[in-house]
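Single-structure report; data block below.
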Amino acid sequence: MGRTLRKTLTVPKGYINEGKEIREIITEKEIYNKVKELAAEISKCYAGKIPIIIGVLNGSFMFMADLVRNLSIDFEVDFIKISSYGSSTKSSGTVRLLKDISADITGRDIIVVEDIIDSGLTIEFIKHRLEEAGTKSVKFATCLYKSNVAKQSFDIDFIGFNIPDKFVVGYGLDFDQKFRGLSSIYAFEEEV
Ligand code: PRP
């Protein structure tokens, strides 16, 4: 096997932390393979059921789109929008509901799709919101998981990649609204 070439990019002029370098930590191919694997696992787990797949906006849109395209089961989609970071790079410790779920989720099987679980605050909040509505079951899928940092009170069902506590961007994840469109995942080498 050849070595994977890890690309680097620099934060452009005019942005906070301009000039800092970001380095690719997960390639497009690695994401592609992992998404297929997770989708197969989810399809098996929900065979004969029609779950509602709830994406957590904004960051999850790319992972969610790739994931659902690889499912072999019937499903519905909905979205919820939560704010936990504001525009800084560390979790603010507070969570606000910016857009609630629209679907009737009572008695339904739910899969929540996240781009990243960092402190775990966001999904802890979402779990309570869903349970209040009397869902039949709730499971969580995340592309990235900071296992050394996440402190939610329950296990995550479908995890793409365990990553260290670095600030990451790309594949839906932003830094000050930039870099969401990158097809792979990059990390800042230094603290930002
Ligand atoms: C990010 C990310 C998760 C959440 C994870 O969202 O998309 O939803 O933070 O952090 P936590 O585990 O510490 O709660 P953010 O609030 O940055 O919004 P965005 O998805 O619109 O970028």
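Note that ligands are numbered from 1 as they come in the structure, with each ligand's atoms numbered from 1 the same way.
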Is the shortest heavy-atom distance from the side chain of I80 to the side chain of I54 under 4.5 Å?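 Yes - at least one pair of side-chain heavy atoms lies under 4.5 Å apart.
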Min side-chain heavy-atom separation E30-T27 under 4.5 Å: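 Yes. Closest side-chain heavy atoms under 4.5 Å.
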Can you list the atoms of ligand 1 that are under 4.0 Å from a heavy atom of [X]?
X: T122; answer: 4 (C), 5 (C), 8 (O), 10 (O), 11 (P), 14 (O)
X: D174; answer: 22 (O)
X: I116; answer: 2 (C), 3 (C), 5 (C)
X: S119; answer: 11 (P), 12 (O), 13 (O), 14 (O)

Using heavy atoms and a 4.0 Å limit, tell me yes or no: is K146 in contact with ligand 1?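 It does not; every heavy atom stays at 4.0 Å or beyond.
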May I ask which of [options] has a heavy atom nearer to [atom] than the others do?
atom: atom 19 (P) of ligand 1; options: V112, V56, D115, N58; value: N58
atom: atom 3 (C) of ligand 1; options: R180, E124, Q177, E114; value: E114
atom: atom 12 (O) of ligand 1; options: G120, G55, S83; value: G120

Could you tell me whether the side chain of R108 and the main chain of I50 form a donor-acceptor pair under 3.5 Å?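 Yes, because the side chain of R108 sits within donor-acceptor range (under 3.5 Å) of the backbone of I50.
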Do the side chain of D78 and the main chain of A103 share a donor and acceptor less than 3.5 angstrom apart?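 Pair found, side chain donor or acceptor close to backbone of A103.
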Can you find an N or O of G59 that's nearer than 3.5 Å to an N or O of ligand 1?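 Yes, G59 has an N/O under 3.5 Å of an N/O on ligand 1.
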When only distance counts, is K81 in polar contact with ligand 1, meaning an N/O pair under 3.5 Å?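 For ligand 1, there is no N or O atom that lies under 3.5 Å from one belonging to K81.
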Salt bridge (Lys or Arg N to Asp or Glu O under 4.0 Å) against D109, all qualifying residues, sequence neighbours excluded: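 Here no residue qualifies.
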Side-chain donor-acceptor distances from residues 37-46 under 3.5 Å, at least two apart:
unit_1, atom_1, unit_2, atom_2, d
E37, OE2, K34, NZ, 3.4
S43, OG, A39, O, 2.7
S43, OG, S72, N, 3.0
S43, OG, S72, OG, 3.4

Determine the interplanar angle of the F167 and F175 rings, folded into 0 to 90°, and report it as parallel if under 30°, tilted if 30 to 60°, perpendicular if over 60°.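 Rings of F167 and F175: perpendicular, over 60°.
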